[in-house]
Structure formats: C-alpha cells, structure tokens
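Shown next, in structure tokens, is the structure this report addresses.
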Amino acid sequence: MPELPEVETVRLGLERGVAGRTIASVDVGHPRSVRRHTAGAGDFAGRLAGRTVLSAQRRGKYLWLPLDSGDALTGHLGMSGQLLVVPADSPLQKHLHVRLRFTDEGRELRFVDQRTFGGLLVVPGGEPVPPLLAHIARDPLDPDFDDEQFVERVRRRRTGLKRALLDQTLVSGIGNIYADETLWRAQLHGERATDRLSRPAVRRVLGHAREVLLEAVAAGGTSFDALYVSTDGVSGLFERSLNAYGREGEPCPRCGAPVRRESFMNRSSFSCPRCQPRPR
DNA sequence: AGTGACGCCTGGGAGC
DNA sequence: TGCTCCCAGGCGTCAC
C-alpha cells in the first residue's frame, strides 16, 4: 500500500537518518529482496561498503540514495516493504531481509518486507534520476510536472480513467487507494473512457489527485496496519480521511448513498454509486 | 506502440 | 480446533 505519501514520508526519514553517513557493512538475509540486483547479493554488498550516502531522492514510489561512488542504492517498497532507521541493538524484525551498518556505529538501516514484493538494488547514476527509473513519470507534486502534457496524453489513451491514474508512465505515485480517493473527489467512475473526457475534466482530475496526495503527505500517509510505517516505525493518520477506499456499505460523505465495491484488475475499487455513476 | 492479463508473495480472517 | 480459501496490490514481463 505504500503510495506517494507513504514513500515520501519514508524519504524524509532517510534524508534525516542516513544522508551524510558512510556505510560500513551490508548483510543480505533474503536473496529475494535483492533479486533485481542481477550481479548477486555479494556484488550488491560490495558496491555499498565504504560509500557515503549523499541524499535521499524519490520518483513516484521509487526511492534512491545517491552515493559518492556515482551509484545509487535504489529501492521499492512493493506492498509491504519498510525501511527502518533503528538502533543497532534493537530486536530483529520477523521479516528483516537487509541490514546496513554505518561507520559511526549509530542507527542502522533495515529493509523489512513481509510479502517480498519490494526490493533493493544498486544501479549506476542518480542525478537527476537513475536510468533504471527513466520510464517513471514525474508525480503531481513535482514542480516540473507538465500538466498540459499529462492532459493531452490521457486524452490520447484509449483506456479507463482509473487505469490511466495507475499507469506510472503517465503520472507516478498514485496507487489503488489514492486513485479511488481522486475519482471520488472528481465524481467520476474509474471506467470513464479517457478519450471522451474534456481537457477541463482531465485538469480537474489532476487537481483532485494533487490535493489528495498533498493532504496525505501532511498526515504522514495512510496506514491500515503495521505494514506501512515511517522510518521510525510510526503509522500515518490519513486513513481516517478516506472517503471511499475501504468503506464498502458506509454512507458516502457527500450524498449518503452506501459506498459500493467493484472488482477491478484483480483488486477492489470503491466508489459512490450516486456521485460516480458507471458510464453508459 | 499501446493495451491488458498474469505471476510473484505472506499473514490474517472467514467459513466449514 | 484446524484446515482451506480468499484477499490485500505494484510492477516487470509477455502476448496480442
């Protein structure tokens, strides 16, 4: 469930917790967590030891730490990944897969991941973005996000609006939760055809997405359980602000109709049957 | 090239 | 009580 607000909360924690520090050693406990590092866990650890972390960056739901070697430690939290900055003697988490210790012997960085959809890898380049992430679009909170280009690209697509919002090559950072919240605010059904939306309608959708993401960042993200937490292990508070997602049967906060749940792409979509009628 | 389906994972909860 | 089944869903890969 980590989407932009959750990943941004983690990025801030990494900026505060590990930027400027030098990595001493790396332990990979679960090879699956570094499966995208094709040269293997040994190479992964070797490229990190002795390197200094320059900063913490994010593109969409990807994070990376540029290193003084010119490489970048890159990560994706997937469904259940956590990057924790914790005292070196704190108890080992059940699904702890990667540990990074620092030369100052202070707090260490731990990658914990129950479902192992997430992972870490070291890639060349980090400025402005590692080539690995070149296909990921900017997010709506990025000052360089091009609103009009987005509007044109969406209207050229022949797909449903929710699919477009979830397409990280069109706009990044939005997942199932914030897509549903954006559509609820825009009062549009996710299956509305993108090529039949007017330019102002797409602009309004983008505006709602930006507002939802901004409010969620301010709340420290959304947490349903202990799976999503900040680098300090703290849960986000946005869950209480959700209007549609996860609220099947509860009254729509706008019109009172019971929120409906529909199956979509092997997952669930939540919407108001009255405010967001299905197209045609 | 754009579009959409599929598989990867584990723990918690429902149902029997 | 213990078993089975279902659900959560981002993204790389692949087929059309």
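The sequence lines fix the lettering, A, B, ..., with proteins before strands; numbering per chain opens at 1. Everything numeric in this text was worked out from a predicted model, so none of it was measured.
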- [ ] With sequence neighbours excluded, give me every ring-ring contact (aromatic ring centres under 6.0 Å, His included) pair touching residues 40-63 of chain A.
- [x] A:H37-A:F44, A:Y62-A:H76
Task: Phosphate-side-chain proximity, A:R35 and C:dG12, N/O vs OP1/OP2 below 4.0 Å - done: no
- [ ] Kindly point out which of C:dG12, C:dA8, C:dC11 is positioned nearest to the side chain of A:H76?
- [x] C:dC11
Task: Side chain of A:S268 - closest among B:dT10, C:dA8, C:dG12 - done: C:dA8
Task: d(CE, A:M79; C1', C:dC11) in whole Å - done: 12 Å
Task: A:T159 and A:T194: side chain donor to acceptor below 3.5 Å - done: no
TODO: Identify whether NZ of Lys or CZ of Arg in A:R21 sits under 6.0 Å from the centre of the six-membered ring of A:F102 and within 45° of that ring's axis.
DONE: yes
- [ ] Rounded to the nearest angstrom, tell me the gap between atom CZ in A:F264 and atom P in C:dC7.
- [x] 16 Å
TODO: Grab the NZ-P distance between A:K162 and C:dG10 for me, whole Å please.
DONE: 9 Å
Open item on the list: Tell me the interatomic distance from A:L132, atom CG, to C:dG12, atom P, rounded to whole angstroms.
Closed with: 8 Å
TODO: Answer with base, sugar-phosphate or nothing: what part of the nucleic acid does A:R261 contact at a heavy-atom distance below 4.0 Å?
DONE: sugar-phosphate
- [ ] Just jot down the salt bridge (charged side-chain N to carboxylate O under 4.0 Å, His left out) partners of A:R247, sequence neighbours excluded, or say none.
- [x] A:E250
Where do N or O atoms of nucleotides 1-4 of chain B meet protein N or O atoms at under 3.5 Å, pair by pair?
{"residue": "B:dT3", "atom": "OP1", "partner": "A:R158", "partner atom": "N", "Å": "2.5"}
{"residue": "B:dT3", "atom": "OP2", "partner": "A:R157", "partner atom": "NE", "Å": "2.7"}
{"residue": "B:dG4", "atom": "OP2", "partner": "A:T159", "partner atom": "OG1", "Å": "2.5"}

Open item on the list: Applying a 4.0 Å non-hydrogen cut-off, can you work out what A:H135 is touching in the nucleic acid: base, sugar-phosphate, or nothing?
Closed with: sugar-phosphate
Task: Candidate nucleotides B:dT10, C:dG10, B:dC8, ranked by approach to the side chain of A:R32 - the nearest - done: B:dC8
Open item on the list: Quick check on salt bridge (Lys or Arg N to Asp or Glu O under 4.0 Å): which of A:R59, A:R58, A:R11 does A:D139 satisfy it with?
Closed with: A:R58
Open item on the list: In this structure, how many angstroms lie between the P atom of B:dC9 and the CZ atom of A:F111, rounded?
Closed with: 14 Å
TODO: Indicate whether OP1 or OP2 belonging to B:dC9 is found under 4.0 Å from a side-chain N or O atom of A:H95.
DONE: no
Open item on the list: Tell me the interatomic distance from A:E3, atom CD, to C:dC11, atom P, rounded to whole angstroms.
Closed with: 9 Å
Task: Nearest-nucleotide pick for A:Y62, side chain only, options being C:dC11, B:dC9, C:dG10 - done: C:dC11
- [ ] Kindly say if A:K94 contacts the phosphate of B:dG11, meaning a side-chain N or O under 4.0 Å from OP1 or OP2.
- [x] yes
Task: Check: A:L65 and A:V18 side chains under 4.5 Å, non-hydrogen atoms - done: yes
Task: Residue among A:Q276, A:R278, A:H189, A:R260 satisfying side-chain hydrogen bond (donor to acceptor under 3.5 Å, both in side chains) with A:S271 - done: A:R260
- [ ] Quickly work out the A:E262 CD to C:dA8 P distance and round it to whole Å.
- [x] 13 Å
TODO: To the nearest Å, give me how far apart CG (A:D167) and C1' (C:dG10) are.
DONE: 12 Å
